[in-house]
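Below you'll find the structure, written out as structure tokens, and then a few comments.
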There are 2 protein chains.
Amino acid sequence: MRKSGSTEVFTSLDDFYQRGDQVYLPHLSVDCAIFGFHENQLRVLLLKWKGGKWCLPGGFIKHKESVDTAAHRILQERTGLTDLYLKQFYVFGDPKREKEKKNSPHWIGKRFISIGYYALVEFSKVQPHPDVFSEACEWFDIDEVPGLIYDHKAIMMKALEALRFDLNDHPVGLNLLPKKFTMPELQRLYETILGESIDRRNFQKHMLSMDILIRLEERKTGGAHKAPYLYQFDKRKYMLALRQGLKLGW
Amino acid sequence: MRKSGSTEVFTSLDDFYQRGDQVYLPHLSVDCAIFGFHENQLRVLLLKWKGGKWCLPGGFIKHKESVDTAAHRILQERTGLTDLYLKQFYVFGDPKREKEKKNSPHWIGKRFISIGYYALVEFSKVQPHPDVFSEACEWFDIDEVPGLIYDHKAIMMKALEALRFDLNDHPVGLNLLPKKFTMPELQRLYETILGESIDRRNFQKHMLSMDILIRLEERKTGGAHKAPYLYQFDKRKYMLALRQGLKLGW
DNA sequence: TATTATTGTGTTTATTGTACACATTGAATC
DNA sequence: GATTCAATGTGTACAATAAACACAATAATA
């Protein structure tokens with residue numbers, strides 16, 4: 001059994017089990033690893049089934065809907081965000097991937113092949129919404145993710161791997177950080193994604209040499225110690241650099 | 001309508017149209033871009049529908065079969081090879097992707113979402129076999145691919161892009177070249193995949209510095225001009241280097 | 001035997017990456 | 001208000017890598 005997004009076309013949950021395949025493609029689902037960055041940590045948004053395990057937000061594809069649109073719809077339902085960075089990264093097609101599933105006669109009890117997406121969101125803008133199958137929707141530090149249903153842990157790890165890979169030529173920083181951020185924050189983002197530490201001074205030199213950052217006059221106050229400058233991305237130069245193949249990674 | 005691999009479980013083609021969904025998952029297909037390297041050119045293996053357009057080899061997923069297994073089965077049927085390098089690279093999920101398709105009542109006339117794989121094969125080992133829907137199965141230079149059915153041209157281009165990307169950390173050379181090859185041949189392979197020319201001397205230096213090549217005593221005779229040395233990959237060191245994150249690309 | 005196009009093997013220079021040092025600053029402490 | 005502390009801002013020296021380039025050797029052809 002799986003979670004769905006909007007059930008408004010159905011009169012009841014039972015109706016959804018009975019007639020779901022009239023609306024959705026059978027045997028196919030979309031699962032999303034939604035990444036955010038908060039308090040210098042990479043986080044992932046998880047759902048908790050009523051009385052059950054945690055899982056990645058997911059849903060199904062309508063009969064005449066593109067897979068990308070389905071993923072956007074699902075993400076919008078879970079986060080409230082319409083404008084987020086979304087990337088398909090892998091298909092999970094092992095017939096035994098849904099270990100705990102009991103073979104029910106419903107369409108939803110059958111085997112599902114899942115198309116994996118990862119999303120990058122600005123943490124502070126997200127309003128987590130549980131779906132009808134869930135009792136909670138919360139952020140988890142990626143190092144503290146609990147046991148997940150089915151192969152969702154593997155999906156999440158693969159998403160993280162894809163993210164690490166994409167750091168070079170996809171707008172990761174731009175989509176995870178707030179408008180204004182400090183150099184140390186940007187560095188922590190890289191470090192948490194790559195899982196390694198980077199020399200502070202070399203990092204700054206490297207980032208500035210790309211000419212995609214604008215240093216503001218402001219500094220970030222409040223913290224102890226010396227107040228760091230605030231930066232923002234020069235979005236035009238950033239996207240141009242990506243198109244021209246500049247490596248934004250480490 | 002699409003091409004299938006083995007139809008041995010069906011009594012006739014009509015039977016396949018009528019009962020295919022009892023064997024295969026509906027709405028799902030696998031398409032493969034099979035790459036080979038011959039006469040210093042990267043090539044792709046295409047099928048020609050009886051009386052129709054050219055297309056990528058493809059097939060369907062059995063109800064209890066993993067997607068990877070399905071792809072291997074399809075490839076084996078088309079090339080005769082059981083042991084080839086295969087990698088899933090993208091899902092094509094636009095409901096309008098099958099432009100020329102007429103909506104027939106059969107399962108096969110419905111919308112299909114296609115999972116794209118690319119394969120790397122040693123050209124000389126392949127015995128191309130048309131399937132039951134095809135009249136021809138031939139290699140094409142990737143710069144001379146004719147118009148393809150549906151979105152298969154886009155799938156092929158995306159496969160090529162994925163291959164270019166994977167050149168760094170996947171065993172591309174090992175799987176595309178014959179056991180023995182010359183340094184110029186290896187270089188042409190890189191150049192044809194990357195679409196750019198590389199300095200001969202720097203290329204050789206770079207490749208040798210990786211310590212994954214064994215130079216044989218033999219030289220390749222027959223050609224005009226100076227006879228080049230033959231090399232082979234040190235498979236153990238090659239795979240070790242990949243696992244350790246050595247960049248084999250350019 | 002001379003020619004030609006290609007291969008084998010360097011060297012030099014420029015660019016990039018790595019390691020490390022020291023001064024500055026803002027809050028907290030005495 | 002001076003001192004301490006932990007973090008930030010800036011810079012320099014060295015190593016490793018990449019790019020540009022030169023010349024000798026060789027196998028078929030003329």
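Numbered from 1 within each chain, the chains take letters A, B, ... in sequence-line order.
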Return the value, rounded to whole Å, for the distance between atom [atom1] of [X] and atom [atom2] of [N].
X	N	atom1	atom2	result
A:M207	C:dT16	CE	P	15 Å
A:M183	D:dT8	CE	P	11 Å
B:K220	C:dG8	NZ	C1'	17 Å
B:D199	C:dG8	CG	P	14 Å
A:F203	D:dT10	CZ	C1'	16 Å

Sorted by position of nearest nucleotide on DNA chain C, 5' first, the leading residue of A:R219 and A:H206 is A:H206
Could you pick out which residue, B:A227 or B:W250, lies toward the 5' side of DNA chain D when each is mapped onto its nearest nucleotide?
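Its nucleotide being nearer the 5' end, the pick is B:W250.
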Minimum-distance nucleotide to [X] side chain [options: [options]]:
X	options	result
B:H225	C:dA19, D:dT8, C:dT4	C:dT4
B:P228	C:dT18, C:dT7, D:dG9	C:dT7
B:Q204	C:dG8, C:dG10, C:dG26	C:dG8
B:K226	C:dT7, D:dT10, D:dA28	C:dT7
A:N202	D:dT10, D:dA19, C:dT18	C:dT18
A:P184	D:dT8, D:dA19, D:dA28	D:dT8

Does the side chain of A:R200 get closer than 4.0 angstrom to OP1 or OP2 of D:dG11 through an N or O atom?
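No, outside the criterion.
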Establish, with yes or no, whether the OP1 or OP2 oxygen of C:dT9 is under 4.0 angstrom from a side-chain nitrogen or oxygen of B:R215.
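So the side-chain polar atoms of B:R215 do come within 4.0 Å of the phosphate oxygens OP1 or OP2 of C:dT9, strictly under.
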Within 45° cone of B:Y229 ring axis and under 6.0 Å: B:R215 NZ or CZ:
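Ring-cation test returns yes.
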Can you classify the ring geometry of A:F203 versus A:W250 as parallel (below 30°), tilted (30 to 60°) or perpendicular (above 60°)?
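Plane angle between 30° and 60°, so tilted.
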With under 30° as parallel and over 60° as perpendicular, where do the rings of B:W54 and B:F140 fit, or are they tilted in between?
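Taking B:F140 first and then B:W54, their aromatic rings stand perpendicular (interplane angle over 60°).
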Any donor-acceptor N/O pair under 3.5 Å between D:dT12 base and A:K205 side chain
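Check passes, donor-acceptor contact within cut-off.
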Can you say whether a donor on the side chain of A:R201 sits under 3.5 Å from an acceptor on the base of C:dA21, or the other way round?
yes
Ring center gap for A:F165 and B:F165 short of 6.0 angstrom
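Distance test on ring centres: under 6.0 Å, yes.
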Is the shortest heavy-atom distance from the side chain of A:L42 to the side chain of A:L176 under 4.5 Å?
yes
